[in-house]
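What follows is one structure encoded as structure tokens, with my remarks underneath.
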Amino acid sequence: MNSQKTVQKIANIAYIVTKVLMVICFVCAGILAGSAVITMAMSASEMVVEVLTPTLNELEIEYTIFQFGIVSIAEALILVAEGIVFMYAKRYFKGIVDDGTPFTHRGANELKYLGIRLLAWPFGAMLVSSIICAIAGVDLGADTSVDVGLGVSCILLSFVFHHGADLKEKADRAEKTEKSNDDSFEIHNLFD
């Protein structure tokens, strides 16, 4: 039982951490997208271009103000995708906390789908961001990565958890059968 409490504590900590990371990703994506829209709208003003261009040059950013806005929108899309992945991870860890164990078929299925989402969402966001940047004629230049190893590991680990859920169900049935056999043996007093 001590290991089960440890798993519960780890799952609870992971639930809290993924919830915080999810909120941070969504808030940062919103701020980045909002500032990108404002930057792109202001890029039409000659005065804003004169003020911001030296700042971009000092920061060694080789984009125009409009291109900087496009890259910011692309990065916001990637952050939204990461936030969505954290949202599903949060749901998975909440399931472990509620069930008391990771060895359930529902939890194993969620882990498998989390692995698929770890592969799909960042890749899709990176693809859409690259298309947006290509249409605008901007090199994204960002080092985005798809967590292929983590996604595949989650998918493979889900099969282990399915097997563990089968073993747990088998042990629970055996315990229930043993308990019912113990309860069926009663001493009856024939003289009452």
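It should be emphasised that the depicted structure is a prediction, and the values quoted were computed from it without experimental measurement.
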Ignoring hydrogens and geometry, is there a side-chain-to-backbone donor-acceptor pair from Glu82 to Pro122 under 3.5 Å?
-> no

So how far is it from Ile78 CD1 to Ser130 OG, rounded to the nearest 0.5 Å?
-> 7.0 Å

What residues form a ring-ring contact (aromatic ring centres under 6.0 Å, His included) with Phe93, not counting sequence neighbours?
-> none

Between the CZ atom in Phe161 and the CD atom in Glu110, the distance rounded to the nearest 0.5 Å is 12.5 Å

Measuring from Gln4:CD to Asn2:CG, what's the distance to the nearest 0.5 Å?
-> 10.5 Å

Verify side-chain contact (heavy atoms from CB on, under 4.5 Å) between Leu118 and Val152, making sure each step is shown before the conclusion.
-> CA-CA 9 Å; Leu118 272 166; Val152 171; over 6 Å; no

Side chain to side chain contact (heavy atoms under 4.5 Å, CB included) involving His105 - partner list, sequence neighbours excluded = His162, Ala165, Asp166, Glu169

Across all chains, not counting sequence neighbours, the salt bridge (charged side-chain N to carboxylate O under 4.0 Å, His left out) partners of Lys112 are none

In one Ile/Leu/Val/Met/Phe/Trp/Tyr side-chain cluster, 4.5 Å: Ile70, Val37 = no

Answer yes or no: is there an ion pair linking Asp172 with Lys176, defined by an N-O contact shorter than 4.0 Å?
-> no

Measure the spacing between CG of Leu111 and CG of Leu157 and express it to the nearest 0.5 Å.
-> 5.5 Å

Co-members of the apolar cluster containing Leu32 [side chain, <4.5 Å] = Leu79

What residues, two or more places apart in sequence or in another chain, satisfy salt bridge (charged side-chain N to carboxylate O under 4.0 Å, His left out) together with Arg91?
-> none

Counterpart residues, side chain to side chain contact (heavy atoms under 4.5 Å, CB included), relative to Leu167 (two or more places apart) = His163

Going through the checks in order, is the side-chain contact (heavy atoms from CB on, under 4.5 Å) test met by Asp139 and Gln67?
-> CA-CA 9 Å; Asp139 180 28; Gln67 290 173 333; over 6 Å; no

Would a hydrophobic clustering, with Ile, Leu, Val, Met, Phe, Trp and Tyr connected at side-chain separations under 4.5 Å, put Phe159 with Tyr113?
-> yes

Only counting residues at least two apart or in another chain, list the ones meeting side chain to side chain contact (heavy atoms under 4.5 Å, CB included) with Val128.
-> Leu77, Ile132

So which pairs with a foot in residues 66-89 pass ring-ring contact (aromatic ring centres under 6.0 Å, His included), sequence neighbours left out?
-> none

Is the backbone of Ala74 close enough, under 3.5 Å, to the side chain of Ser129 for a donor and an acceptor to pair up by distance?
-> yes

Pairwise distance CG(Leu150) to CG(Leu119) - rounded to 0.5 angstrom = 8.5 Å

Only pairs under 3.5 Å count here: list side-chain donor-acceptor contacts from residues 21-31, not counting sequence neighbours, and write none if there are none.
none

Table please: side-chain donor-acceptor pairs of residues 8-18 below 3.5 Å, with sequence neighbours left out.
residue : atom : partner : partner atom : Å
Gln8    : NE2  : Val97   : O            : 3.2
Thr18   : OG1  : Ala14   : O            : 2.8
Thr18   : OG1  : Tyr15   : O            : 3.0

Gap between atom CZ of Arg117 and atom SG of Cys154 - 0.5 Å precision | 12.0 Å

Sequence neighbours left out, what pairs pass salt bridge (Lys or Arg N to Asp or Glu O under 4.0 Å) with at least one residue falling in residues 122-133?
-> none

Using side chain to side chain contact (heavy atoms under 4.5 Å, CB included) as the criterion, list what pairs up with Asp99, not counting sequence neighbours.
-> Thr104, Arg106

